[in-house]
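Let me begin by presenting the structure, written as structure tokens, before commenting on it.
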Protein chains: 4
Amino acid sequence: MQLLLDLDSEVPIYQQIRDRVVESVADGTLGPGASLPSTRQCAVDLAINFHTVNKAYDLLRREGIIRINRKSGAVIHPDVGRATPELRASEDWRPRLRVLLAEAVVRGVPEAEVAAYVRSALDGFALGRADEEKDGGD
Amino acid sequence: MQLLLDLDSEVPIYQQIRDRVVESVADGTLGPGASLPSTRQCAVDLAINFHTVNKAYDLLRREGIIRINRKSGAVIHPDVGRATPELRASEDWRPRLRVLLAEAVVRGVPEAEVAAYVRSALDGFALGRADEEKDGGD
Amino acid sequence: MQLLLDLDSEVPIYQQIRDRVVESVADGTLGPGASLPSTRQCAVDLAINFHTVNKAYDLLRREGIIRINRKSGAVIHPDVGRATPELRASEDWRPRLRVLLAEAVVRGVPEAEVAAYVRSALDGFALGRADEEKDGGD
Amino acid sequence: MQLLLDLDSEVPIYQQIRDRVVESVADGTLGPGASLPSTRQCAVDLAINFHTVNKAYDLLRREGIIRINRKSGAVIHPDVGRATPELRASEDWRPRLRVLLAEAVVRGVPEAEVAAYVRSALDGFALGRADEEKDGGD
DNA sequence: GTGGTCTAGACCACA
DNA sequence: GTGGTCTAGACCACG
């Protein structure tokens, strides 16, 4: 997992780390159980503050996306992509998604183009299909 | 136009106002040329400070979504939904959209459910279709 | 003289009127002694408030660019383009010009392009050359 | 960077700050990557409110002239003077320049004097030439 | 009446 | 330490 950060972005760094992890999990780069670098190593690699990485990992943990063990460090939660109560707890992606779609439409992007982008993005995600293979489809 | 704000949200109030206006434009509640309440009136209605409304309107103006006129106040920009260069300037909705889709998938939401939600949201937007009906697509 | 106003511009209307008159004088559309429409007529033509036109005319009068008589209305000052003390009084076009040039350069416009635009603009002004013809050059 | 403000000017303070920064960038006083004082420090130095500095910096950021970073504060954008799409976005310096040139001519300033001033101002700008010398024009 | 500017102080988020 | 947000009140410019 190669993290590319934009230190000048208005998006907080810890949020960027969290977002990149989420995307990596979705597209299959980081499968359930995969290890994340230690907070200190990650901080060194990205040339950022150790506490910032810590904050990102803590956020991911609270979202139920990773597990943190004292020994093995941070790993992707085994239930990721499984619709467990904890993961489904937050449904606020819906209103946020609606705002983004509205913004694109208001900016004059044809609905077909938006829909096509959504389709291509979803097609690029391996998480759902991996499940189908393993347990024959939910 | 009825704005519902969540004063306890971590999303800044001025951002919420901006988002609600964008959604209203997308779903046709606020058509091109429609008037927004004056900054001070809006502030009274929402029981917030007028400077906060001011910031939201200023943001919308800079995005090319509204026009601000000293005598008639703020109105929806006539070119909204038209793919003018100014409106299309920012294409960063793509990466932001990808993150949100990834988050939903990671949370275990089936891709079909995400796709369905996107479709229903886009179907609820009247902005694109209104043009086609009225002038056959200028 | 045909005035085109942008009522949504951040530039005040009275300033826009003043600017258009100045440009018309420079390019020869309005020569020394030429009549301007009456404030009331102008207000009707432009569909704006009478006081706004009044303010623009007053500004032009204070700058020494027009004369206002009770009988003949507003006319371009006969000394316009002549470097009279009143007209030369304000030299603040220099710092303002410098800022604009700096802005263009900072935005990446090649100096040659800026210089070329200045030359073409000056070439389009008939005011200086009219003098040369009449009194053989200063 | 020494900013001189005219608190009695009709030009808003935040605009003056923005203009001084733009000029400093153009004449090479502030090169790409150079640091600006923190908003609060700058406010103390200029004996004005920090919100006013904030507004100036925000304006410069939106114009693509500076970058604002939570840890290192504000720095001149590395692409300044490079004709990137964002910087070239606004071409409205042309009409504003034309008005200023017209004003000078109307005030009786000989075209040659105006042209000479423009030339000297552009010659005083190091931004374009610095590139040529350093890397032969990227 | 409208929006814009400046000041001021408190609180929070980020690194 | 940095910047960002919200609140508050006074004053001005515009139409």
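Worth saying up front: this structure is predicted, and the values here are computed from it rather than measured. In what follows, chains are A, B, ... by sequence order, proteins preceding strands, each numbered from 1.
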How would you list, by chain and number, every residue that makes a salt bridge (Lys or Arg N to Asp or Glu O under 4.0 Å) with B:Arg62, sequence neighbours excluded? B:Asp58
Nucleic acid contacts - residues 62-78 of chain D versus DNA chain E, non-hydrogen atoms under 4.0 Å: D:Arg70, D:Lys71
Using both distances under 3.5 Å as the test, list the Watson-Crick or G-U wobble partner of E:dT7, or none. F:dA8
Nearest-nucleotide check on DNA chain F, B:Val11 vs B:Phe50; residue mapping nearer the 5' end is B:Val11
Would you check if there is a donor-acceptor pair between the side chains of C:Ser72 and C:Asn69 at a distance under 3.5 Å? yes
State whether the number of non-hydrogen atoms from other residues, nucleotides or ligands found under 6.0 Å of D:Arg88 atom CZ is greater than 12. yes
More 5' along DNA chain E: B:Thr39 or D:Pro12, using each one's nearest nucleotide? B:Thr39
Heavy-atom nearest nucleotide on DNA chain E taken for D:His51 and for A:Tyr14; more 5' hit belongs to D:His51
Exercise: identify the closest heavy-atom pair between A:Ala74 and A:Ile66: CB-CD1, 4.2 Å
Do the side chains of B:Glu103 and A:Arg18 get close enough for a salt bridge, i.e. N-O under 4.0 angstrom? yes
Kindly give the heavy-atom pair with the smallest separation between B:Val53 and B:Ile48, and that separation in Å. CG2-CD1, 3.7 Å
State, to 0.1 Å, how close C:Val22 and D:Val99 come at their nearest heavy-atom pair, and which atoms those are. CG1-O, 4.4 Å
Mind checking if B:Ile13 touches a base, just sugar-phosphate, or nothing, with heavy atoms under 4.0 Å? sugar-phosphate
Which is the 5'-most and which the 3'-most nucleotide of DNA chain E that has an atom under 4.0 Å from a heavy atom of chain B? E:dT2 to E:dC6
When C:Thr52 and B:Arg40 are each assigned the nearest nucleotide of DNA chain F, the 5'-most assignment goes to B:Arg40
Taking NZ, NE, NH1 and NH2 as the nitrogens, is one of them in D:Arg107 or C:Glu91 under 4.0 Å from a carboxylate oxygen of the other? no
